[in-house]
Participant: 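Below are the structure tokens for one structure; questions will follow.
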Amino acid sequence: MDTELQKHYALLLGVGSPWEVKTVDLNLPDKKVEIVLSWQWGQSAKCPECGRACSLHDSAPERTWRHLDTMQFTTLIRASTPRSNCPEHGVKTMLVPWAEPHSRFTLLFERFAVEVLLASASVSQACTLLDIGWETAHTIMSRAVARGLERRQLTALKHLGMDEKSFGRGQSYVTLLTDLAEARVLDVVADRTTAASEQLWATLTPAQKQGVAAVAVDMWEPFIQTIRKEVPQADIVHDKYHVSSYLGEAVDKVRRQEHKELLAEGDATLTGSRQLWLYNPENFTAEQRQEFAALKDLHLKVARAWAAKELFTKFWDYQEEGWARRFFKDWFGWVSRSRLKPMITVAQMLKRHLENILTYLKHHITNAVTEGLNSKIQNLKAAARGFRNFQNYRIRILFFCGKLELYPL
Ligand SMILES: [Zn+2]
């Protein structure tokens, strides 16, 4: 055996005494390099549980680890790991310097795989690049997330977000707890019930919970209840994006009803106008702008509903609570007299929750961060078609949106 080559590989792998490179087999037809490492017997053993020096028991059966490719040759490491015999922990397979316990990959391979996964457009693309399967990618991501959660320091969690997302088909949901300042997902649980929400709060220590000043959240009762119970000092801030989407839905209801009435009279004015009433006029094309300007002046009910929704956006600009209250009172009065039932229903709901909408002026937080992460999370879901398993979904969200320290080195 060429000792220079052995030294070269020992250096590349970062292994030293008591491990040594025994052989390097180059398999040209299979484009494979196999490196056999061996333990120099006579060295004292170390218990992997407590680290104390103890006697050697025997060696475990030979195992294989995948390493980074060498010049596009699949590179494998083979070794029989010695087993220690600790007076306290008994017979245990010792730790090896090139891999984490139970991993089938070397540390360098795992590090590289994490980098490729983070940089790839999709998990399947990363699988192709790394020449690994889905299961393997999932194992590497789970291990990375476990490392990241272990290392994570959660200090100064002041502004949090709690938000639900649909998951899979039908009425299943997951709930996310988000650190708004750092734009990171703290954890994900299945469902959007009181129990699910409590499970999320349980991931924080009492001290962390006491530091929370405000939580941005939808007007979803189970979330509101648990926030009051778990972080009673925190302000609840109902999200302006959710408020706007409630108003948008109401505008759409008014349009559908009016469209039906007009069609009954043979009037097709509102045909094909759905998007015009929902989209932000700032994003209209020239053609849409013209079309919309003509519609707006027709004294339609939907035009009044739309105007009420547009007017409400002013609420968020107030600096002072007193002014915002006065504005709301006027707006509410105007909507109440509008005879537009869907708008009145939403206005009454906003009135019931007004105290927790006004808190926005104090904290200026929204779940927009979560909304930004949403498209990322949406991609994870789309890329993982037929991917139903919640645990896998959680791992992916934390891997890509948790801002965790994922690397093994
Ligand atoms: Zn021990």
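Counting starts at 1 for both ligands and their atoms, in listed order. Residues take their numbers from the sequence shown, with the count starting at 1.
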Participant: Quick one: sort the Phe109 and Phe105 rings into parallel, tilted or perpendicular, breaks at 30° and 60°.
Facilitator: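 Judged by the thresholds at 30° and 60°, the geometry between Phe109 and Phe105 is parallel.
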Participant: Does any N, O or S atom in Cys86 come within less than 2.8 Å of the Zn ion (ligand 1)?
Facilitator: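 Here the distance criterion (N, O or S atom, under 2.8 Å) is met by Cys86, so yes.
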Participant: Take the angle between the ring planes of Phe327 and Phe315 and call it parallel below 30°, perpendicular above 60°, tilted in between.
Facilitator: tilted
Participant: Checking one value in my table: which N/O/S atom of His89 lies closest to the Zn ion (ligand 1)?
Facilitator: ND1
Participant: Aromatic rings Phe328 and Trp331: how do their planes relate, parallel, tilted or perpendicular, breaks at 30° and 60°?
Facilitator: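 Answer is tilted, since the angle falls between 30° and 60°.
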Participant: Angle at the Zn ion (ligand 1): provide the value between SG of Cys47 and SG of Cys50, rounding to 10 degrees.
Facilitator: 100°
Participant: Among Phe292, Tyr279, Phe312, find the residue that satisfies the ring pair (Phe, Tyr, Trp, His ring centres under 6.0 Å) test when tested with Trp306.
Facilitator: Phe292
